[in-house]
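Scroll down for the structure; my scribbles are underneath it.
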Amino acid sequence: QVQLVESGGGLVQPGGSLRLSCAASGFTFGNSHMSWVRQAPGKGLEWVSGISSNGGIKSYADSVKGRFTISRDNAKNTLYLQMNSLKSEDTAVYYCAKGSKYTYSGYGRGYWGQGTQVTVSS
């Protein structure tokens, strides 16, 4: 059974930091491009960041570039997102997802996890 379990969210003041984790199982994590996506209140899913299967290439949405860092540990089947200099605009439910910016939506909710709430106070 495919499982993606996000953790690490919480309430933080503007300028603060959080580190999100995603524990994956039920598929070949080490062969999979992975992404972080988020959904703010009243908005659709927004792709945030992606990382190739071996971590060799990393991509970021312009809105988070320079503030967020994506990484992975294939030995632990875990994906990470280090978020620094957080802004109120970063408030959203954050999901890890199998796939790249261009392919993640095709896997459906079964490959997105249940999400972790990040709230940045104004």
Side-chain angles (χ1 to χ4, degrees):
Q1 181 177 343
V2 173
Q3 287 190 322
L4 294 167
V5 182
E6 298 91 344
S7 62
L11 176 65
V12 64
Q13 296 184 23
S17 297
L18 286 172
R19 184 177 186 246
L20 307 184
S21 298
C22 172
S25 62
F27 66 100
T28 308
F29 180 82
N31 288 343
S32 301
H33 197 118
M34 298 293 296
S35 290
W36 287 97
V37 301
R38 67 187 182 185
Q39 187 168 29
K43 298 183 179 180
L45 285 169
E46 177 190 14
W47 176 86
V48 174
S49 183
I51 185 168
S52 60
S53 59
N54 67 354
I57 58 171
K58 301 176 182 179
S59 300
Y60 302 92
D62 288 342
S63 59
V64 306
K65 196 171 298 181
R67 300 187 297 119
F68 291 10
T69 303
I70 191 170
S71 62
R72 66 192 296 160
D73 186 339
N74 286 348
K76 297 181 178 180
N77 283 3
T78 302
L79 181 72
Y80 304 98
L81 185 68
Q82 178 67 47
M83 306 186 296
N84 298 326
S85 301
L86 283 162
K87 305 175 180 179
S88 61
E89 294 82 11
D90 297 316
T91 296
V93 178
Y94 284 71
Y95 303 90
C96 62
K98 179 184 178 182
S100 71
K101 175 181 179 180
Y102 307 102
T103 66
Y104 79 89
S105 61
Y107 290 101
R109 294 303 299 269
Y111 284 90
W112 297 358
Q114 294 185 337
T116 186
Q117 176 71 49
V118 172
T119 302
V120 185
S121 64
S122 59

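Please read all numbers here as calculations on a predicted model, not as lab measurements.
- Across Trp47 and Gly50, no two heavy atoms sit closer than the pair CZ2-N, 3.3 Å.
- Crowding of Glu46 atom CD: a count of heavy atoms from other residues, nucleotides or ligands under 6.0 Å exceeding 12.
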Check step by step if side chain to side chain donor-acceptor pair (under 3.5 Å) holds for Ser17 and Asn84. CA-CA 4 Å; Ser17 297; Asn84 298 326; 2.9 Å; yes

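- Trp36 places a side-chain N or O within 3.5 Å of a backbone atom of Tyr80 that can act as its donor or acceptor partner.
- For Arg72 (side chain) and Phe29 (main-chain N/O), a donor-acceptor pair under 3.5 Å exists by modelled atom type.
- Between Ile51 and the choices Leu79, Ile57, Thr69, the side-chain contact (heavy atoms from CB on, under 4.5 Å) rule is met once, by Leu79.
- Using a distance-only test at 3.5 Å, with no hydrogens or angles considered, a donor-acceptor pair links the side chain of Ser100 to the main chain of Tyr102.
- Crowding of Lys76 atom NZ: a count of heavy atoms from other residues, nucleotides or ligands under 6.0 Å not exceeding 12.
- Geometrically, Arg67 does not engage Tyr60 in a cation-pi contact, judged by NZ or CZ lying under 6.0 Å from the ring centre and within 45° of the ring axis.
- Between Asn74 and Asn54, the shortest heavy-atom contact is ND2-CA, 4.3 Å.
- For Lys58 (side chain) and Ile70 (main-chain N/O), a donor-acceptor pair under 3.5 Å exists by modelled atom type.
- Between the side chain of Ser35 and the backbone N or O of Gly99 there is at least one donor-acceptor pair closer than 3.5 Å.
- Judged by distance alone, with hydrogens and angles left aside, the side-chain atoms of Gln117 form no donor-acceptor pair with the main-chain N or O of Gly9 at under 3.5 Å.
- Panel note: side chain Gln13, backbone Ser121; no donor-acceptor pair is recorded below 3.5 Å.
- No donor-acceptor pair under 3.5 Å is formed between the side chain of Ser53 and the backbone N or O of Ser32.
- Salt bridge annotation for Lys87-Asp90: absent, with no cationic side-chain nitrogen under 4.0 angstrom from a carboxylate oxygen.
- Phe68 approaches Arg38 most closely through the heavy-atom pair CE2-NH1, 4.2 Å.
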